[in-house]
Amino acid sequence: MLADANELVETLKRAALKAVEAEKPVKVCFGKVVSTAPLKINVEQKMNLGEKQLILSRNVTDFSVGITVDWLSEDSLDVHEHIVKGTDSNGDSIHLATDTQDLSHHHKIAGKMEIIVHNGLVVGDEVILLRQQKGQKFIVLDRVGT
């Protein structure tokens, strides 16, 4: 009788596991970008997902963000001079040179501005995905760190 009870418990465990898997709960997967136009990601060398199956997080897209800055640009133009050589309309030789000047300067950059973060996926990127319940869509969370 004990063997029958153990067998029943094991059968119930298998049935419970199958029921959970049938619901396809959220699952972490890994993939590799194989194309960007159109976007295609190969998941664990088993299947290719297309754009309609993918939900992209901001971590894997280009996006704009507002920032506040307050700094000075680097000095530029240090020592500068102009030299002009050639001939005039009479065919006479021209050779002009300005004095050497120290034109180093910088600019203050301050205020609010918008920048674009270029974070879109490229072919070869390895990504972390979450399969939504029922397995219809995959959320692309981020790249795998290197």
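Just so it is clear, the structure is predicted and the values come from calculations on it, not from any experiment. Nothing fancy with the numbering, it's 1 onward along the sequence.
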Does atom CD of E114 have more than 12 heavy-atom neighbours, drawn from other residues, nucleotides or ligands, at distances under 6.0 Å? yes

Answer yes or no: is there a donor N or O on one side and an acceptor on the other, between the side chain of S57 and the main chain of V140, under 3.5 Å? yes

Does K52 have more than 12 heavy atoms from other residues, nucleotides or ligands lying within 6.0 Å of its NZ? no

dist M47:CE -> F138:CZ (nearest 0.5 Å) comes out at 3.5 Å

Heavy-atom side-chain proximity of I128 to V28 below 4.5 angstrom: yes

Mind checking the CD1-CD1 spacing from I139 to I55? Nearest 0.5 Å is all I need. 5.0 Å

Does a sphere of radius 6.0 Å around CD in E44 hold more than 12 heavy atoms from other residues, nucleotides or ligands, not counting ones at 6.0 Å or beyond? yes

According to a hydrophobic-cluster definition based on side-chain heavy atoms being under 4.5 Å apart (Ile, Leu, Val, Met, Phe, Trp, Tyr only), do V122 and I116 belong together? no

Quick one, R58 and N119 - any side-chain contact, counting heavy atoms below 4.5 Å? no

For the residue pair R143 and V60, establish whether any side-chain heavy-atom pair is separated by less than 4.5 Å. yes

Do K137 and Q132 make a side-chain contact, defined as non-hydrogen atoms from C-beta onward lying under 4.5 Å apart? yes

Return the CG to CD1 distance between L72 and I109, rounded to the nearest 0.5 Å. 8.0 Å

From L56 CG over to E51 CD, what is the distance, rounded to the nearest 0.5 angstrom? 8.5 Å

Are side-chain heavy atoms of V127 and V33 found at a separation under 4.5 Å? yes

Quick one: does E10's side chain have a donor or acceptor within less than 3.5 Å of a partner on E7's backbone? no

Could you tell me which non-hydrogen atom of I94 sits nearest to which non-hydrogen atom of T87, and how far apart they are? CD1-C, 3.7 Å

Check: D92 main-chain N/O paired with N90 side-chain donor or acceptor under 3.5 Å: no

Are the side chain of T61 and the backbone N or O of G120 linked by a donor-acceptor pair below 3.5 Å? no

Name the one of N42, I41, D125, L49 that satisfies side chain to side chain contact (heavy atoms under 4.5 Å, CB included) with V34? N42

Applying side-chain contact (heavy atoms from CB on, under 4.5 Å) to I83 and H95, what does each step give before you reach the verdict? CA-CA 7 Å; I83 298 174; H95 181 85; 4.1 Å; yes

Just how far is it from atom CG of L121 to atom OG1 of T36, taken to the nearest 0.5 Å? 8.5 Å

Could you give the distance from CZ (F30) to CG (L129), rounded to the nearest 0.5 Å? 9.0 Å

For K108 and D70, which heavy atoms make the closest approach, and how far apart are they? NZ-OD1, 2.6 Å

